[in-house]
Every structure is written in structure tokens, then in C-alpha cells.
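Just so you know, residue 1 is the first one in the sequence shown, and it goes up from there. Worth saying up front: this structure is predicted, and the values here are computed from it rather than measured.
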Amino acid sequence: MTLPGWRDWAFALKTYAAAMLALFLALWIDLPRPYWAVGTVYITSQVLSGATRAKAVYRVGGTVLGAAVSVVLVPNLVNEPILLSLAVALWVALCLYVSLLDRTPASYLPMLAGYTAALIGFPAVEDPGAIFDTAVARAEEISLGILCASLAATLILPQSAAPLIVGRLNLWLAEARAWIQGALAAARAPEASGTSQGRRLRLASDALGLDALGLALRNEATGAERAAEAFAPLRQHMLMVLPIVAAVADRVETLERAGALPARVRSFLSDLAVWLADEADDPERAAHLRGRIDGFEPTLGRNPDWTTLLLASLAARLRDVIDLRQDLRALRGHLAAGTPPRAPLAFAYTARVRSIRHRDHGLAAFSAFGVFVGLLVCCAIWIATGWPDGSAAPMMGAVACCLFAAQDDPAPQILSFTNSALVGALGAGFYLFAVLPLATSFEMLALALAPALILCGLMMTQPRTAPMGMGAALNGATLLALQNGYSGDFAPFANGVIASVVGMWVGAVVTRLIRSVGAGWSARRLVRINRQSLAAAADGRGTGHGLELAALMLDRIGLIAPRLATLPAETSASVGDLLADVRVGINLVEVRRVRRRLTGPPRTAVDRALALAARQLRDRTGRPDSALLAALDDGLDAVADAAPGPERRAALIGLTGLRRGLFPDAPAYRAAPPARDDREMAA
């Protein structure tokens, strides 16, 4: 385990200072439950200042909304406990469903609105007439904690996300460069397919892993947030590197295997690999490389052979590689300097798809149903037993289930959170009955709390111990129940601890029975959704731009990658070449786009190929379809026989990409003999 550095100590100390400030102000204002402010500081605080600020705004909004809902529900349904339980559980489930559709800090607003209604509403059933005052007080206590955490994050040694982004980006670029150089020399140094698949998935996962840092950067107040405009295109550029370089590797390997890679193309690939390894930004050299591509790019005359089509496709993708390399270096420079990009990007398509993300409505509804059932079970236990302080069971059950609902199997995380609650309860019991009776002033109280809270803050700086640190601080502060006067009553304390633990255990059990799924199930489901998107694209439904579909599919691949990393190699291999599917998607949409400008036999042949492609992609068995292969060859024949033009060239390259993506092991395409008629002679 890494020893805490000075930044870790700084975070722990400033979080403790924010908690003590919140406690002091809550006691001074005479709020009824000042300990809510302390717990809120620890659930809000993040190591990066921008992440804390991002959560703070949405947490305030969610708290106010949840308080308002509790004011509406409790007075009207307090005499019908079953209906009240149903209403609150339904509200929490609905809010969680909305929250899980958004993978940005904005998701905190609906999530907080959900379980805040449970936190305020369930304890208020004993005194429903005071629900408005209770809701206002809870909102004030939570908002005070959020404000203090935000002030500490902003004013005391704020830690920017920009250096972390640049550091991770440098590592990503080095890994990507090694992969690209291997792709450019595919025949001379072939890479095992399993190794290549693993490397590409890791690159996709690491690109999506920067999302949280980019969102934190946008909400900073350090000056570095000016560079946040560079992050959205950066993320999409990083993802688009993967299918484009995979296409380059495919074309190079195919041409080398056929002995058809020209010597000047081979020389260009070597020079391109050297240029990619050079850290200097040289626009003139990039322009020179583009000029060399113009020199070997073939013209697609009548009835081009397979080698000509592959060379044309390779040339188009090599230009994309150059553009992406230039843009990634430029965007990295803006992030390092803290300046927004002003000049237009070379790879202009990415600007259209910078904010596309996968939304899983099915899994969100599944998770919401699990939380709904778990809350009802907790409420049933509370109502049936008439348990004093039993309201803590549905309260903490709602919090635990919501916090970890995005996991494939939330049950282990809920149990870990329960363990942190037990640690917090032991600490709270020690303080409540051994230390607090001796603390006769706020200064003594703050000094007594310092060791435990600072330790929790240090634990929050390490990913492995962060849940334990946050859970111990949150639950410990809640169970300690710090107020203006000392009240060391063991019975309410014990009831609260037991009810909280039971609520979280119930949540874990219900989640395991209803909601838990494995990483393999989630990965296969996302792969299936990608295939459904491909079928929709072939049918002409869904997105209208190839890179929009690619962005969506790559986002899913980034979600698949960390799941496959935890599975056996044979399971990972069973999902197939995920980037080949992305390349198929790009080509499907582009072929469908240009088909509108084709007429006569070319359009008819392309339509038939697209219809058969949709049929095969809907077939979950994934069996090769000889009829589709023949239709693609017929489409190439028909389009090749059309009049020259940009639409014809785009259609030929798109059909070539489809053939390579869907049938990588098929024999080379054989052009049909030219038709001998007057129309051809005239052409």
C-alpha cells in the first residue's frame, strides 16, 4: 500500500476543517441535527476540486427536490403506512432510473432527490405535522455541508484535473503509438490476435476512464477549466483512433498476404511510423506525408480489382491517422497550457459526435426495480415489528442500494458499505460513551474528533480504501448524533445501529436475488446491443452519420473492456472482434448515405446488399451468409460500372470496408468482366 503523500494529507486536513466548520455553523445556527452537515462534507468531498464542485451543485438541487417530495407525501399518507411506503419506494426507484441513464455528475441530482425523500420522510412519520420544518432543517444541514466542502476544495490547495489528464494521455499515446507502429508493420511482426484485442480494449477503456477527469476539469475554479473545451473532442479522437488504425492494420495485412503492397507504400508506412514516434509538431511534415499519399492513391477506374480497392481504402484511412495524430498533440498542448482550442481540427468529423454516450434503459429499469423491492421489504420489517428507530432500515437501505446501483453486482459493494458502517458504529460508540462526556467545549470536541476524521480522509484518497473511509465517516457522524447538548442514551444508539445494518443487509440480499448480474452477462449484452445497432443502421434506422454510430459503439466497447478483463480468455475471445463491428457500422451508414445519389442497377444492388446485411446482423448465431457475400460482390460490380464521381468512389470504399469487416477470411473479390455495350464505350 502506498504511503500518503503531502497531497493526501492536505485533502484529509482540509476535509476535516470543512467538516468542523460545518459543525460549528450548524451548532451556532442551532439546527436540530448538525451531524448531517458533517456527514455531507465527507460524502461530497473528492480529491479533485472540480469533482467536489460538480457534485455540490447537483447535490443541493437533489436535496431540495427530495425534501419537497417528502413534504408532499408524508402528511397525506402518514395514516396509510403501506401506501406511504409504496409511494416513497416508487419515487426512489424512478429517480434511480433517471440517474442511471446519465453517466455525468448531473446524475447525482435525481439520485439525491430519491434517497433524500427517504432520509427525510421515514423518520418524520412520528411527527408528520412538523414535516415542513423537518424538511427545511434537513435541506439546510445538507446544503451547509455541501457549501463548506466546496469552499474548502476551492480555496485550500485546490487540485486540478489537468495534470492528471495530461499524464494519463501521455501514457495512452505511448500505448497507442506502439500499437499503431505494429499495425503499420503487420506482416513483418504479426501480433497475436488475443494480444491485439486485449490492447485495443484496454485503450478504449482508458479513453473512457478519462471521462470523470474531464467533467471535473469543467467545474474547476483554478483557471485550468478554460481548457475543458479541448476535452470533448479529445475523448472522441482517442476512441476514433481505434477503428481507423484497426482498418489500416487490416488493409496492410491483407495486401502483404497477397504480395500486393507496393514498395513505395511500404516505404511510406515506415516513414509514417517514424513521424508518429516524433514528439515534435511539424505541420509541414504532415502536409508532405499527405502529398505522398496522393502520389500512391489509385484512381478507381472502370472495374477496379481487389488490390486497387484495398489501396484506395488504405489511403483514406492513412489520412485519418495523420489528422488524428496532429489533433491529439494539439489538444494535449491546450490541456497542459490551460487554454481553449481556437484553430479548427484536422479530423473535423469528431466535432459532430463529441457528446454521444450509451444509455441502458433496460438495466436502469432492472436496477430501479431491485431498489423498489428492497425498500418495501425494509418497510415491511419496520411496520410489522413496530421497531423504535426502525426508520433507519429503509433509509440506509435506500442510500446503499442507490450508491452502488451502477455496478454489475452491487451486493459486494453494499456489504462493504455495511462493514464501513459497523466500523463507524464502533468508533461512534467509543466517542459517544467514552470521549464526548469529557469534551466540554467545541474546541475539545474538534480536537477529539480529529484523529478519526483525518484517518477517514486519508483513506478516501486511495481507491481501494475510499469506500471504507467515506462510509465510516458518514455512518459514524450520523450515529454519533452530535447536537448542542450531550445525550448518551444507549438504547436509541443501539436501535439505530442495528436498523441501519439490517437495512443494508436486506438491500444486499434483495439485490443479489433480483438485480445482480455477472460481468460476462453485461459484456455479452452490450455486444448484442451493438449488433442491434448495426442491424438498424443497415435498415436505415438510427443515427444518420457513420461517426455518430461509431462513437456510440465505441462508448459501449469502453464499457465492455473492463468487464472482459476480469473474465477468462475464452470468454473474451467469444465476443469476437469488437472493433471490426465498429468498422462495419461506419461503412454501413456511409454506404446507405451515398446510395441516395446512386441510380439504376448500382442502387438496386446496394439496397439488396444492405437488406441481407441487416438480416445477418439480426441473426444472433453470427453464421457467415454466402448470399450476403455474393450480394456485396454484386454491389461492387454494379457500382464499379457506374459513371465516375465522388458518390461512386465513396460507395466502392464503403462496400470494400463492409466486405472486409463482415468476411475477413473470404477469398479476394473478383471484378466482373466489363460489359461490352454502347453505354460503356461512351463512358
Side-chain angles (χ1 to χ4, degrees), residues 19 21-41 43-44 56 58-81 83-92 95 109-149 375 379 382-383 386-396 398-399 442 474-475 477-487 489 492-493 495-496 499-500 503:
L21 175 61
L23 179 61
F24 174 80
L25 292 175
L27 291 170
W28 181 56
I29 300 171
D30 198 24
L31 293 174
R33 296 187 180 182
Y35 51 87
W36 280 103
V38 177
T40 301
V41 168
I43 201 172
T44 302
Y58 295 113
R59 282 187 176 275
V60 170
T63 299
V64 172
L65 180 57
V69 170
S70 67
V71 170
V72 172
L73 294 180
V74 172
N76 293 296
L77 299 176
V78 69
N79 294 321
E80 299 290 341
L83 288 180
L84 178 60
S85 300
L86 283 169
V88 174
L90 185 61
W91 170 254
V92 174
C95 289
L109 194 155
M111 182 184 291
L112 261 291
Y115 69 67
T116 297
L119 292 174
I120 295 174
F122 287 133
V125 297
E126 297 179 1
D127 187 11
I131 181 61
F132 181 79
D133 293 337
T134 301
V136 170
R138 293 300 88 76
E140 290 174 342
E141 291 151 3
I142 293 172
S143 299
L144 179 61
I146 292 171
L147 176 62
C148 291
L375 268 179
C379 290
W382 175 31
I383 294 170
W387 192 352
D389 298 305
S391 60
M395 285 167 49
M396 297 311 298
V399 172
F442 180 81
L474 171 64
N475 290 289
T478 303
L479 294 170
L480 198 56
L482 293 170
Q483 293 175 309
N484 270 317
Y486 173 74
S487 177
D489 192 344
F493 173 79
N495 268 312
S500 297

Q: Please report the shortest heavy-atom distance between P34 and L27, naming the atom on each side.
A: CG-CD2, 3.6 Å
Q: For residues L77 and A87, report the shortest heavy-atom separation together with the two atoms involved.
A: CD1-CB, 3.8 Å
Q: Mark yes or no for whether W91, through its side chain, and A113, through its backbone, hold a donor-acceptor pair below 3.5 Å.
A: yes
Q | Polar side-chain atom of S70 near backbone of A67 as donor-acceptor pair, under 3.5 Å | A | yes
Q: Can you measure from CG (L86) to SG (C379) and round to the nearest 0.5 angstrom?
A: 8.5 Å
**Q.** L109 vs R59 side-chain heavy atoms within contact, under 4.5 Å
**A.** no
Q: Considering non-hydrogen atoms only, spot the tightest contact between L144 and A22 and give its length.
A: CD2-O, 3.5 Å
Q.
Just to verify, what does L119 make a side-chain contact (heavy atoms from CB on, under 4.5 Å) with, not counting sequence neighbours?
A. W36, Y115, M395, V399
Q | Spacing of L31 atom CG and L25 atom CG [to the nearest 0.5 Å] | A | 9.0 Å
Q | Rounded distance (nearest 0.5 Å) linking atom CD1 of I29 with atom CZ of F24 | A | 10.0 Å
Q. Distance from T478 atom OG1 to R33 atom CZ, nearest 0.5 Å?
A. 10.0 Å
Q. Tell me, which pairs form a side-chain hydrogen bond (donor to acceptor under 3.5 Å, both in side chains) where one or both residues lie in residues 139-149, sequence neighbours left out?
A. R138-E141
Q. Can you list the steps and then say if W382 with V125 is a side-chain contact (heavy atoms from CB on, under 4.5 Å)?
A. CA-CA 12 Å; W382 175 31; V125 297; 3.6 Å; yes
Q.
Using every non-hydrogen atom in the two residues, find where A19 and V38 come nearest and quote the distance to one decimal.
A. O-CG2, 3.9 Å
Q: State, with a plain yes or no, whether a side-chain heavy atom of I120 is found less than 4.5 Å away from one of I131.
A: yes
Q) So L23 and F442, side-chain contact (heavy atoms from CB on, under 4.5 Å) or not? Walk me through it. A) CA-CA 9 Å; L23 179 61; F442 180 81; 3.9 Å; yes
Q.
Can you tell me how far apart CD1 (I142) and CG (L112) are? Round to the nearest 0.5 Å.
A. 7.5 Å
Q: Please report the closest heavy-atom contact between P75 and V72, naming both atoms and the distance.
A: CD-O, 4.0 Å
Q) Atom CG of N76 and atom CG of L84: how far apart are they, to the nearest 0.5 Å? A) 10.0 Å
Q | Non-hydrogen atoms of A135 and V71 that approach each other most closely | A | CB-CG2, 3.5 Å
Q: Begin from the C-alpha positions of S85 and L375 and carry the test side-chain contact (heavy atoms from CB on, under 4.5 Å) through to its verdict.
A: CA-CA 8 Å; S85 300; L375 268 179; over 6 Å; no
Q) Just by modelled atom types, is the A26 backbone N or O under 3.5 Å from a matching donor or acceptor in the D30 side chain? A) no
